[in-house]
Amino acid sequence: MMERAESGQKLYTRMRLWEFPDQYVIEPTDGSCGSSLAVNKADGSMNLIDEVPECSSIRVPKIRIIFGVIGMLKLVAGSYLIVITDRECVGSYLGHPIYKATSLKIFPCDQCVTNSNAEQKRVETEFSGLLNIAERTSGLYFSYDSNLTLSAQRLHDLGDESKLLPLWRQAEPRFLWNNYMLEVLIDNKLDPYLLPVVQGSFQNFQAAIGKEIVDVTLIARRCTRRNGTRMWRRGADSDGYVANFVETEQIVQMNGFTSSFVQVRGSIPFLWEQVVDLTYKPKFEIVRPEEAPRVVERHFLDLRKKYGSVLAVDLVNQHGGEGRLSEKYANAMHRVISDDVRYLHFDFHKICGHVHFERLSILYDQIVDFLEKNGYLLLNEKGEKMKEQTGVVRTNCIDCLDRTNVTQSMIGRRMLEIQLRRIGVFGADETISSHTNFDESYKILWANHGDEISIQYSGTPALKGDFVRFGKRSIQGILNDGWNSLARYYLNNFSDGTKQSFPVALALVLIGFFLALMSLRQARYDLRHLFFSIMWASLSVAIGAFVKANGRIFCKRPRLNKPRS
């Protein structure tokens with residue numbers, strides 16, 4: 001078992017938050033003897049105090065139990081303290097408990113806003129209203145004892161001095177979801193309160209194979225460099241950071257052995273977008289195409305530094321709008337392809353259709369040499385490295401959700417079988433499918449993993465999830481995909497981003513078609529109604545066309561400041 005060296009100061013695991021009229025006081029209640037943290041309600045300033053202020057009949061505080069401090073979010077004038085008010089233990093990572101944040105609470109430190117000018121107050125009110133969304137953020141995981149932002153291999157390779165640092169100092173900034181929000185606490189040297197949080201997924205199960213108990217964990221770490229939801233955050237930025245970049249690590253532990261295999265997914269790595277315009281599938285637009293080779297090169301340079309060799313598997317359609325993106329991607333890769341970087345296009349829909357996902361074995365045959373060469377991490381009972389992973393498969397489709405998750409689950413399954421043979425659990429021809437209970441748990445593991453990643457990016461569970469969950473397509477699964485596709489359409493057009501004008505446009509279109517239908521039903525009695533039905537239908541089409549043509553006006557995308565590294 002690989003253990004983390006003990007750092008100088010442990011994180012507080014349970015605290016009491018006192019809400020006084022002028023300040024919040026956070027008191028450790030987990031048996032620690034550390035100082036309490038006072039947060040000023042006027043400006044969010046912080047300082048440590050030895051004792052909680054006395055209460056009186058006039059000064060009666062509200063009290064609640066919290067399990068961690070996410071950090072401090074500063075807007076135009078006010079600051080907002082974000083804490084974890086409930087948690088759920090979801091498993092363990094290399095011997096340490098892992099928790100999911102199931103409830104967040106935001107406490108305003110905005111009394112100073114009353115002294116701001118009218119414009120600042122207006123902007124503050126507008127942005128503070130969005131904080132309700134932050135309280136509902138899904139897929140947040142943390143550990144008080146282990147660095148969840150690092151893969152098992154990177155954690156093992158940390159130097160002895162690094163292992164003694166506080167967890168936030170060890171953390172990988174790309175996957176530290178609350179990186180920006182921790183800055184105020186870091187500046188005030190509040191190490192016991194600095195809780196690293198990742199967004200993604202954590203799935204775990206144990207199952208018996210013969211007399212052996214095998215523990216399998218699947219972790220997703222979402223990158224914070226290019227955040228945003230599906231249609232509103234596509235492609236890469238000029239620095240090569242891509243939308244929906246997720247590192248997925250599969251860990252198997254048994255009889256003291258620990259083995260890990262890492263894959264990554266991410267949007268096609270050059271500048272492109274889809275302008276939301278009420279159509280089901282908005283047109284793909286390549287932005288500044290002359291920059292594509294440079295951005296692709298920068299993206300893969302970063303991947304090589306972090307993972308070693310890279311095999312890029314492109315699953316998008318060969319024709320149509322997706323085909324134009326794939327062609328641009330393939331052309332840009334000519335400057336990047338080397339002994340350490342490979343590119344492979346696999347038209348998922350053409351080869352597998354909507355039901356024949358077993359044909360992914362064709363893809364596996366094309367990449368098995370890369371997988372065997374670059375391997376996986378294997379540690380023995382003493383924590384010594386017997387084998388290491390020297391390269392990574394990077395998979396993408398358009399959303400990097402549905403096709404990608406089916407493909408990654410296939411690769412993960414094949415690699416797990418190789419790992420179990422290496423450890424001695426499986427015989428030469430033995431597979432996961434030959435162990436019913438283990439197979440069922442493994443499918444559920446990957447299906448839940450895909451759903452959680454999909455909900456964070458698109459707002460709905462993953463499509464094609466029935467194949468991952470049950471090993472075959474079903475009528476119910478296809479119907480679920482239809483429903484989730486409609487839900488995505490609604491969320492992309494009328495919920496995500498700044499789109500206040502779209503609901504009005506939709507209402508006008510629906511009213512127009514309703515009136516056209518009513519007039520058409522009366523046309524057999526009076527031909528004038530036929531004229532009116534044509535008029536209303538034409539008006540609806542015109543409104544839809546206007547919205548589509550002016551999509552950029554309605555869909556101004558917010559420009560976010562580049563995150564600090």
Problem set entry | Polar side chain donor-acceptor pair, Y442 to Q250, under 3.5 angstrom | yes

Exercise. Centroid-to-centroid, Y329 to H334, below 6.0 Å?
Worked result: no

Problem set entry | Summary of ring pair (Phe, Tyr, Trp, His ring centres under 6.0 Å) pairs that have at least one residue in residues 383-411, sequence neighbours excluded | none

Exercise. Got a sec, which residues hit salt bridge (charged side-chain N to carboxylate O under 4.0 Å, His left out) with R421, two or more places apart in sequence or on another chain?
Worked result: none

Exercise. Of all residues at least two apart in sequence or in a different chain, which pass the salt bridge (charged side-chain N to carboxylate O under 4.0 Å, His left out) check with D157?
Worked result: K385

For this session: Please list, chain by chain and in numerical order, all residues satisfying salt bridge (charged side-chain N to carboxylate O under 4.0 Å, His left out) with R265, sequence neighbours excluded.
Result: none

Problem set entry | Sidechain N-carboxylate O distance under 4.0 Å for E322, R403 | yes

Problem set entry | For E297, side-chain contact (heavy atoms from CB on, under 4.5 Å) partners two or more places apart | R335, V336

Seminar exercise, completed: Residue set satisfying side-chain contact (heavy atoms from CB on, under 4.5 Å) with I213, at least two apart, ordered chain then number -> Q206, A208

Problem set entry | Contacts of H299 that satisfy ring-ring contact (aromatic ring centres under 6.0 Å, His included) - sequence neighbours left out | none

Exercise. Quick one: do the W168 and D191 side chains pair a donor with an acceptor below 3.5 Å?
Worked result: yes

Problem set entry | Residues R221, E247: salt bridge by 4.0 Å N-O rule | yes

Exercise. Please walk me through it: do T149 and N147 pass side chain to side chain donor-acceptor pair (under 3.5 Å)?
Worked result: CA-CA 6 Å; T149 67; N147 188 347; 2.6 Å; yes

For this session: Using the six-membered ring of Y376, assess whether NZ or CZ of K387 lies under 6.0 Å from its centre and within 45 degrees of the ring axis.
Result: yes

Exercise. Which residues pass the salt bridge (charged side-chain N to carboxylate O under 4.0 Å, His left out) test with K306, sequence neighbours left out?
Worked result: D302

Exercise. Does NZ or CZ of R87 come closer than 6.0 Å to the centre of the six-membered ring of Y99, within 45° of the ring's axis?
Worked result: yes

Seminar exercise, completed: side-chain contact (heavy atoms from CB on, under 4.5 Å) filter on H345, not counting sequence neighbours, yields D314, V316, Q318, S326, Y343, D347

Seminar exercise, completed: Taken in chain and number order and not counting sequence neighbours, the residues that satisfy side-chain contact (heavy atoms from CB on, under 4.5 Å) with D439 are R413, I432, S433, K443

Exercise. For K382 and E384, what are the C-alpha separation, side-chain angles and deciding distance, and is it a salt bridge (charged side-chain N to carboxylate O under 4.0 Å, His left out)?
Worked result: CA-CA 5 Å; K382 299 178 181 178; E384 299 168 337; 5.0 Å; no

For a quick test of your reading: what N or O donor-acceptor pairs under 3.5 Å do the side chains of residues 363-374 make, sequence neighbours left out?
| from | atom 1 | to | atom 2 | distance (Å) |
| --- | --- | --- | --- | --- |
| D369 | OD2 | R342 | NH1 | 3.3 |
| N374 | OD1 | T390 | OG1 | 3.1 |
| N374 | ND2 | F370 | O | 2.9 |

Exercise. Excluding sequence neighbours, so at least two apart, what forms ring-ring contact (aromatic ring centres under 6.0 Å, His included) with F205?
Worked result: F438

